Each structure stands twice: as C-alpha cells, then as structure tokens.
Q: 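Have a look at the structure that comes next, please.
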2 protein chains.
Amino acid sequence: MSLDGQGRTLSGAGLDKAQYRAIAAFRYELRRFLSFSEAEAASAGLPAQQHQALLAIAGHPGPEAPTVGALAEQLLIAPHTAAELVSRMVESGLLAKTASTRDRRRMELTLTERSDAILGRLTAAHLEELKILEPALAKALGRLSLGRR
Amino acid sequence: MSLDGQGRTLSGAGLDKAQYRAIAAFRYELRRFLSFSEAEAASAGLPAQQHQALLAIAGHPGPEAPTVGALAEQLLIAPHTAAELVSRMVESGLLAKTASTRDRRRMELTLTERSDAILGRLTAAHLEELKILEPALAKALGRLSLGRR
DNA sequence: GGGATATACATCGTCGTACGATATATTCCA
DNA sequence: TGGAATATATCGTACGACGATGTATATCCC
C-alpha cells in the first residue's frame with residue numbers, strides 16, 4: 001500500500017481504504033440481517049432456504065399458484081434444485097404440490113395451514129427486526145459513494 | 001386465505017398479501033446482488049466466502065492487521081470455521097498469516113500482492129454493478145412500510 | 001513464581017444442500 | 001403422429017459450515 005497525492009491509502013488496484021471499509025460495512029449489515037433471518041427460521045424449525053421458499057410462494061405475484069420453475073426463478077437456483085427443495089418441504093408438511101390441470105407437467109405449490117402460520121410469525125418478527133436494522137442498512141448503502149468515481 | 005373489511009387478502013397470521021410481495025421482492029433484490037457478487041468472485045477463481053474474507057481484511061478498521069477471531073466476527077462465523085477458511089486461503093496464496101509478536105496465539109492476516117489485485121478488480125466491478133442495483137434495492141427496502149403497522 | 005483458568009487458533013468427523021449429469025413425463029407443433 | 005421442447009425428478013458428488021475436541025499461549029491470583 002502507498003499514499004497518493006491526497007493522502008488516501010491506496011492498495012494495488014488504486015482503491016481507497018475508506019472505500020473498502022464502506023463496502024465491508026455494507027456487507028456486514030447484510031450478513032447481520034441474513035443471520036437474524038436464518039436464526040429466526042431455525043427457531044421455527046426451518047432451514048433458511050425453506051423460509052425463503054415459503055415467502056416466495058406467499059408473495060408470488062398474480063392469482064395463480066407458483067410452480068417449481070417459478071420458485072427456482074425467484075430463489076435464483078436451478079430448477080432441479082427447487083424440485084429437491086419442494087420435495088423435502090412436501091415431505092415435512094410445509095407445502096402442498098398438485099399437478100396443474102391444464103399442463104400436467106407443472107406442479108402448483110401452495111402453503112399448508114401449518115406453514116402459513118409459521119410464515120406469518122416469521123414475517124412479523126422480520127418486520128420488527130427490519131425496523132431496527134433498516135436505518136443501518138440504508139446508511140451503509142448510502143455510504144458507498146456510488147457515482148462519484 | 002380470506003378477505004377482511006378493507007378487501008385485503010389475509011393469510012393465517014393476519015398478514016397482507018401485498019406485504020408478503022414487498023418482502024419477497026426485497027429478498028429477491030438481495031439475492032440478485034449476492035448472486036452477482038458470487039458469480040464475479042467465481043470468475044476470479046474465488047468462492048464467495050473467500051472474497052468476503054479479503055474484503056473484511058482490507059476493510060478492517062484501524063491500523064493493525066485483523067486476526068482470525070476478528071475475521072470470524074466480521075463474517076459472523078465460528079472462530080474455528082474462520083481458521084479453516086484462512087488455512088485454505090493461505091494454502092492457495094491469497095493470505096499471509098503471521099503470529100503476533102505481542103501475543104503469539106493471535107494470527108495476523110494480510111492480503112498478498114495477488115489477492116490485493118484480485119480484490120481491487122472485484123471491488124471495481126461491484127461498485128459498477130451497485131450503481132445499477134442500488135436504486136432497486138433502496139426502493140424495495142423503502143416499500144416495506146416499516147413503522148405503520 | 002507457578003498451577004489453575006481463560007483465550008486463540010487448529011483438527012477431525014459429519015451433515016446438509018447445491019450442483020452436474022441424466023432420466024421421465026407431458027406438451028407443442030410441423 | 002413423431003420429434004423437439006418444456007417441466008420436473010433422481011442420483012452421485014463435492015464443498016464448506018458445524019460440534020466436539022485438542023494444543024499452545026497468556027493471564028490471574030494465591
């Protein structure tokens with residue numbers, strides 16, 4: 001590392017240490033939120049990804065039930081990974097999977113009573129926590145000084 | 001699900017479908033960013049966690065080099081998990097690990113020339129991408145209607 | 001000063017889950 | 001109708017996080 005004309009600490013690629021700090025802080029805030037979320041899900045007996053699946057299904061836009069493929073798209077995972085996820089969740093009574101009548105390849109996904117209740121509780125907890133974390137998150141996001149480079 | 005007096009769609013715990021949509025959209029934006037980050041790191045030959053380790057070390061506040069424990073704290077992982085991560089990174093020439101002279105239990109971590117250059121490139125790419133993703137992220141965060149419940 | 005206790009890191013076995021490759025079922029269309 | 005395309009499922013593999021435990025160094029306090 002070395003110093004440039006303005007006294008900023010530079011590393012190899014010419015980046016400011018203050019900027020690394022800002023980005024690292026942003027990623028730290030993200031981790032804190034994700035970590036909170038994961039811990040909440042775990043305390044409700046769910047792996048994080050299953051919680052996200054419930055949320056994606058409950059929050060799916062439009063009136064129709066989402067399919068395995070739509071879930072994969074929302075979770076940014078491969079379709080066959082979504083199929084495995086769904087299969088585990090059906091097995092543990094968190095999802096109902098019914099073949100679409102119009103296209104029997106498609107599997108329509110809906111929450112069960114139990115998972116609907118679980119998701120409700122988890123979401124309430126998340127909204128509470130986000131009230132607290134949101135300012136730090138927004139602040140860290142704002143501090144990235146995007147655009148003035 | 002049922003309809004309440006104002007015509008909002010309710011699920012088990014009394015939560016609005018629009019609210020599920022907002023939170024799901026927020027998590028989707030988060031995943032998009034994390035997925036971009038992971039893909040960038042992978043194209044530089046790094047697992048996501050190793051990229052985060054580099055960033056945490058480069059962005060560590062204060063003049064001293066961070067230790068394994070400090071890294072664990074920043075990454076929200078167990079100390080022994082950080083030790084394994086560091087060990088893999090030292091092995092592949094991404095980190096230098098030297099015992100502190102004042103407390104020889106502590107291992108001080110610094111980037112190598114190579115990893116410093118890699119992190120510089122990755123960070124530049126992230127800042128570019130964040131210019132694009134930040135508005136969507138901030139918007140999704142703002143749409144959570146925190147506080148008016 | 002020296003034994004007990006605490007701290008920092010390391011090692012080993014295990015497990016969950018995402019993936020690639022591939023298979024099966026259904027639909028679409030020429 | 002038959003072949004290509006689409007949607008989901010299955011199987012083997014691998015990576016990394018964890019719990020339990022071990023080792024080295026430091027600190028406390030009588």
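Just so you know, these numbers come straight off a predicted model, no measurement behind them. In what follows, chains carry the letters A, B, and so on, assigned in the order in which the sequence lines appear, proteins first and then strands, with residues in each chain numbered from 1.
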Q: So how far is it from E38(B) CD to R31(B) CZ, rounded to the nearest 0.5 Å?
A: 13.0 Å
Q: Just checking P79(A): base, sugar-phosphate only, or nothing, at a heavy-atom cut-off of under 4.0 Å?
A: base
Q: Counting only heavy atoms and a strict 4.0 angstrom limit, can you tell me which residues of residues 59-68 of chain B come near DNA chain C?
A: T67(B), V68(B)
Q: Would I57(B) and L71(B) count as a side-chain contact (heavy atoms from CB on, under 4.5 Å) here? Give the steps.
A: CA-CA 7 Å; I57(B) 292 166; L71(B) 180 63; 4.2 Å; yes
Q: For residues I118(B) and R114(B), determine if any side-chain heavy atom of one lies less than 4.5 Å from a side-chain heavy atom of the other.
A: yes
Q: Can you find a pair of side-chain heavy atoms, one from L34(B) and one from L76(A), that are under 4.5 Å apart?
A: no
Q: Determine yes or no for a side-chain-to-main-chain donor-acceptor pair under 3.5 angstrom, with T112(A) supplying the side chain and G93(A) the backbone.
A: yes
Q: Tell me the side chain to side chain donor-acceptor pair (under 3.5 Å) pairs involving residues 94-104 of chain A, sequence neighbours left out?
A: D103(A)-R105(A)
Q: Report the residue (R106(B) or I77(A)) whose heavy-atom-nearest nucleotide on DNA chain C is the more 5′ of the two.
A: R106(B)
Q: Does any N or O in the side chain of H60(A) come within less than 3.5 Å of the main-chain N or O of A56(A), such that one atom is a donor and the other an acceptor?
A: no
Q: Rounded off to whole Å, could you give me the CE-to-P distance for the M107(B) and dA24(D) pair?
A: 14 Å
Q: Using heavy atoms and a sub-4.0 Å distance, could you list which residues of residues 40-55 of chain B are near DNA chain C? By number, please.
A: none
Q: Could you give the CG-to-C1' distance, from L71(B) to dA10(C), as a whole number of Å?
A: 15 Å
Q: Fit a plane to each ring of F33(A) and H126(A), take the angle between them on a 0 to 90° scale, and name the class: parallel (under 30°), tilted (30 to 60°) or perpendicular (over 60°).
A: perpendicular
Q: Quick one: CG on L130(A) to CG on L137(A), what's the gap to the nearest 0.5 Å?
A: 8.0 Å
Q: Between residues 80-95 of chain B and DNA chain D, which residues have a heavy-atom gap below 4.0 Å?
A: H80(B), T81(B), E84(B), R88(B)
Q: Where do N or O atoms of nucleotides 26-30 of chain C meet protein N or O atoms at under 3.5 Å, pair by pair?
A:
from    : atom 1 : to      : atom 2 : distance (Å)
dT26(C) : O2     : R105(A) : NH1    : 3.3
dT27(C) : OP1    : R104(A) : N      : 3.1

Q: Does K97(B) have a side-chain nitrogen or oxygen under 4.0 Å from the phosphate oxygens OP1 or OP2 of dA8(C)?
A: no
Q: Less than 4.5 Å apart, any side-chain heavy atom of T110(A) and any of L95(A)?
A: no
Q: Could you list the donor-acceptor pairs under 3.5 angstrom formed between side-chain atoms of residues 78-89 of chain B and any protein atom two or more places apart in sequence or on another chain?
A:
none

Q: Write down the distance between CD (E73(A)) and C1' (dA7(D)), rounded to a whole number of angstrom.
A: 13 Å
Q: Do side-chain atoms of T123(B) reach the backbone of L119(B) as a donor and acceptor pair under 3.5 angstrom?
A: yes
Q: Less than 4.5 Å apart, side chain to side chain, heavy atoms only: is that true for L55(B) and R27(A)?
A: yes
